[in-house]
Structures are given as structure tokens and as C-alpha cells.
Amino acid sequence: MPVLSRAELSRTGMIVVALLLAAVSMSMRATGAVAREFRAADTQAEDYPTVQALRYMGALIAERTKGRHEIKVFHSRQLGEEKETIEQTRAGAIDLNRTNVALIGNFVPAMNVLAMPFLFRSIEHMQKVLNGPVGSEILNSFEPYGFVGLAFYDSGARSIYNGVRPVKSLADLKGLRIRVQQSELMSQMIRALGAEPVELPYGQVLTGLANHLIDGAENNWPSFVTTDHYKHAGYYTLTEHTMSPEVLVISLKAWQSLSPDDQAIFRESAQRSSRFMREKWRDLEEQSQRKAQEAGVTIIRDIDRKPFEDAMAAIYAKAGRDPAAAALIERIRKVE
């Protein structure tokens, strides 16, 4: 056997190590084993059910990938308001995002249907739609717009609240400045009800109420209470005009970086986090309503909803001009 010099042995050793490292790297890429931390955005507070659900999902993923993948959750608008984080997620700067369907509807048309006022008959009806074929098809429609839909989260029913007067009829809404999400559909809805819509980021609503820049807003029980809106808006009318869910998306860029096996882990973990979130949500909803009542908030339950629903005729007529939206609305209404 040839005798190698010390320098030649060193070079040979380095080549062997390099080849081994390259083989390991190729193997890791093939199996999706490259470790990565994924950034997730949520505008809600740290103890909010959606934030807890994201952390639960992260724990499941870390366990199933043996720590290769982790999720770092940025709550309380740390990465910006929802409109901003959606755009960043689409660009791939944020990996995961929990957002309301009304806002992401500016990018994904099917989401506008789920945000339609008075579409769902009840929370149970909404969950049956989202848990079935219709919900799966909607989640699968995100990719052309730069996202992948992973799961739906609940957000209860949204109702109108204000600090000026009890709202029992459309006449009582006339002239009130009501904050809405940064969504044209929501502005159209409030305008159709006779009030003046004011599009404001979520984080500015409390200041707007406290300084009387707006008279009221519309949201679910937990958002009404956890943000202290109830301290400045003492009249909560159970219009329950929308039951639009939250949706959890991952950027297409982040999704394509995952192996098929890891994609399955992310999707399954997201679905499990949805069930986890619903349990937390029910508890918080009950606590929030009780806290508002104890604080002296006047809850208006006895309203005639039909005039409110009838006021949406023009919005549905406009949506009906899009064959895809019209067909989706019809399918949702037929779910029993």
C-alpha cells in the first residue's frame, strides 16, 4: 500500500468529512429535516384563545419533528396590525398568520363569502359548514394568492356596541360612527344599516372610543371585554350580524420549504389546534359576557332581526353577480 504523507492524509480526511457532510445535508433536505423556527403573527393578547392555540400547535409540531421545527408566536400586534401582517405573510416575511376572514378577503375572494352578514344561521351551522367539504375546498383555494389555508378558528358572533344609546332598530343606528375592520364589505354592511363606517386598525379602537372619535364598533364578546371597549361603550346589541371565522394560514414560501411529511404534520397539528381553540373560546365567551354584565353594560337582546337582514339585499345582489360567490353562498345555505 502506498505511504501517504501527513499533508496528503489531512487533505484526504478533509475530503471524506466534506463528502459525509454533503451526504447528510442532502439527506436532511430530502426528508425535510432542516431545523427551522417559524414566525407566527396574532394581533390578540398573550392569553387569548387563538394565541394559545398557535402555541399548542407549535408544541405538537416540535414533538412530532423531534425539535427540528418550532413556532415562535408574536402576539399583541408585535409584528403589526392584521392588514400589515397579511401582506407580510403573502410576501413570505411572516410564516404563519391567524387572521379574520374579512381582512384576508381582500386577497382571497372566497373569504368574502364567509364574511357575508347574516349568512350563517347559528354557530353550529357555521361549524358544520367549515368542518365539511365546503370548508376543505375553501382552505384549498388559497395557494394562487400566496397562502396555504391550514385551519379555521372560531370567533363567535359579532354584534354592534356603542356608548351613545341603546340600539333596538335601524333608526337607532342612524348617524352613529361605527368602527369596522379595514374591509370594504364591512363598510358596506354598516352603511346599509344606516350608520357611518369608520375603518380603523384593531389597536386604535380603544383610543377612538375613549376620545369619542367613534361612537361604537362591532365585535364578539371576548374582543369587546378583553380590550376594555366595554368601559367606553355601555350598550351591546345582539345583532349577531356576522359569524365569520378566523383562519390560520401559512405563507406559500414557508409551505414549499417543508417536505411532504412535514406538510402533513403542520396540517394535522393545525386541525388539532382548531379543536383546542374552540374549547378555550367557549370558556372565554362565557366569562366575557358575565364580566360585561357585572360592569353594568346594557345588553339589548329583544330586537327584530328581519329589518337588519333585509337591509343586506343590495350586498347579496352585488355578490350574486359573481357566479362563484353565488354558488358558494347557495351551498352554505343548503347545509343542514
Side-chain angles (χ1 to χ4, degrees), residues 25 28-29 31-101 103-104 107-108 111 139 142-143 145-155 182 201-203 222-223 226-227 245-281 283-284:
S25 177
M28 288 175 72
R29 284 198 296 272
T31 60
V34 178
R36 182 175 170 190
E37 181 179 84
F38 291 77
R39 300 199 316 160
D42 198 314
T43 56
Q44 298 289 1
E46 187 173 8
D47 59 351
Y48 203 79
T50 53
V51 176
Q52 293 182 57
L54 284 172
R55 285 182 167 157
Y56 177 74
M57 175 184 170
L60 292 175
I61 288 171
E63 179 184 0
R64 292 192 60 186
T65 64
K66 296 181 170 57
R68 283 189 294 106
H69 296 318
E70 296 180 352
I71 293 178
K72 184 173 182 179
V73 181
F74 293 84
H75 55 83
S76 306
R77 302 186 297 281
Q78 293 177 55
L79 299 182
E81 296 286 354
E82 278 188 73
K83 185 178 180 182
E84 299 162 358
T85 60
I86 292 169
E87 291 169 350
Q88 291 179 64
T89 305
R90 190 185 190 198
I94 292 174
D95 300 306
L96 293 129
N97 198 351
R98 188 286 314 157
T99 180
N100 189 269
V101 297
L103 286 170
I104 203 167
F107 299 96
V108 185
M111 294 296 95
L139 287 177
F142 279 62
E143 286 199 29
Y145 310 100
F147 311 95
V148 172
L150 294 179
F152 289 108
Y153 289 167
D154 278 7
S155 65
Q182 293 165 289
Y202 186 59
S223 294
T226 60
T227 53
E246 311 284 319
V247 64
L248 175 62
V249 298
I250 184 171
S251 77
L252 187 58
K253 181 179 177 182
W255 183 252
Q256 290 173 339
S257 74
L258 295 168
S259 70
D261 286 346
D262 283 346
Q263 287 176 352
I265 289 172
F266 268 65
R267 199 179 289 280
E268 290 163 13
S269 299
Q271 293 293 330
R272 285 181 62 182
S273 78
S274 173
R275 294 190 289 273
F276 172 89
M277 185 272 170
R278 283 178 178 175
E279 294 176 9
K280 298 290 183 182
W281 179 261
D283 293 341
L284 181 59

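Computed from a predicted model, the values in this text were never measured in an experiment.
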Checklist line | Distance in Å, Ile61 CD1 paired with Leu96 CG, rounded so as to fall on 0.5 Å steps | finding: 7.0 Å
Check: Could you state the interatomic distance from CD (Gln78) to NZ (Lys72), rounded to the nearest 0.5 Å?
Finding: 8.5 Å
Checklist line | Minimum side-chain heavy-atom gap Tyr48-Ser223 below 4.5 Å | finding: yes
Note to self: In the structure I gave you, are the side-chain heavy atoms of Phe107 and Phe142 within less than 4.5 Å of one another anywhere?
What the structure shows: no
Margin query: Using a 3.5 Å distance criterion without hydrogens, assess whether the side chain of Asp42 forms a donor-acceptor pair with backbone atoms of Phe74.
Written below: no
Item checked: Polar side-chain atom of Glu246 near backbone of Ser155 as donor-acceptor pair, under 3.5 Å -> no
Check: Say you draw a straight line from NE2 of His75 to CG of Asp47; how long is it, rounded to the nearest 0.5 Å?
Finding: 9.0 Å
Checklist line | Face-on cation placement of Arg90 at Tyr145 ring, 6.0 Å and 45° thresholds | finding: no
Next item on the list: Could you grab the distance from atom OG of Ser273 to atom NZ of Lys280, nearest 0.5 Å is fine?
Entry: 13.0 Å
Notebook entry, point to check: Would a distance-only check, ignoring hydrogens and angles, find a side-chain to backbone donor-acceptor pair under 3.5 Å from Glu82 to Gln182?
Noted result: no
Next item on the list: Give the minimum heavy-atom separation between Ala40 and Leu54, together with the two atoms involved.
Entry: CB-CD1, 4.4 Å
Checklist line | Check: Gly203 main-chain N/O paired with Glu81 side-chain donor or acceptor under 3.5 Å | finding: yes
Check: Where the side chain of Glu268 meets the backbone of Ile265, is there a donor-acceptor pair that is under 3.5 Å apart?
Finding: no
Notebook entry, point to check: What are the two closest non-hydrogen atoms of Pro49 and Leu284, and how far apart are they?
Noted result: CD-CD2, 3.3 Å
Next item on the list: Decide yes or no on side-chain contact (heavy atoms from CB on, under 4.5 Å) for Ile86 and Phe147, but give the supporting numbers first.
Entry: CA-CA 9 Å; Ile86 292 169; Phe147 311 95; 3.8 Å; yes
Check: Can you check whether Arg36 reaches Leu258 side chain to side chain, under 4.5 Å on heavy atoms?
Finding: no
Next item on the list: Check the side chains of Tyr202 and Thr227 for a donor-acceptor pair under 3.5 angstrom, ignoring hydrogens and angles.
Entry: no
Note to self: Between Thr43 and Arg98, is the side-chain contact (heavy atoms from CB on, under 4.5 Å) condition met? List the steps.
What the structure shows: CA-CA 8 Å; Thr43 56; Arg98 188 286 314 157; 3.2 Å; yes
Margin query: Is the shortest side-chain heavy-atom distance between Leu248 and Met57 below 4.5 Å?
Written below: yes
Next item on the list: Assess the pair Phe38 and His69: is the distance between their ring centroids shorter than 6.0 Å?
Entry: yes
Note to self: I'd like to know if Lys253 pairs up with Asp95 as an ion pair, taking the criterion as any Lys NZ or Arg NE/NH1/NH2 lying under 4.0 Å from an Asp or Glu carboxylate oxygen.
What the structure shows: no
Margin query: Once rounded to the nearest 0.5 Å, what's the spacing between atom CG of Asn97 and atom CD of Glu84?
Written below: 11.0 Å
Checklist line | Heavy-atom side-chain contact between Phe266 and Ile250 under 4.5 Å | finding: yes
Checklist line | Side-chain donor or acceptor of Thr99 paired with backbone N/O of Ile104 under 3.5 Å | finding: no
Notebook entry, point to check: Distance from Gln52 atom CD to Tyr56 atom OH, nearest 0.5 Å?
Noted result: 12.5 Å
Check: Can you check whether Leu150's main-chain N or O pairs, donor with acceptor, with Gln271's side chain at less than 3.5 Å?
Finding: yes
Notebook entry, point to check: Got Ile94 and Ser251 here, is their nearest side-chain heavy-atom distance under 4.5 Å?
Noted result: no
Margin query: Main chain of Ser269, side chain of Arg64: is a donor-acceptor contact present, judged purely on distance under 3.5 Å?
Written below: no
Note to self: Can you list everything that forms a side chain to side chain donor-acceptor pair (under 3.5 Å) with Arg278? Sequence neighbours excluded, please.
What the structure shows: Asn131, Asp154
Notebook entry, point to check: Heavy atoms, side chains only, cut-off 4.5 Å: are Val148 and Val249 in contact?
Noted result: no
Notebook entry, point to check: What do you reckon, is CZ of Arg77 surrounded by more than 12 foreign heavy atoms closer than 6.0 Å?
Noted result: yes
Next item on the list: Check for a donor-acceptor pair, side chain of Glu46 on one end and backbone N or O of Ser76 on the other, with a separation under 3.5 Å.
Entry: no
Next item on the list: Taking all non-hydrogen atoms of both residues into account, name the closest pair between Ser274 and Tyr153 and its distance.
Entry: CA-CE2, 3.6 Å
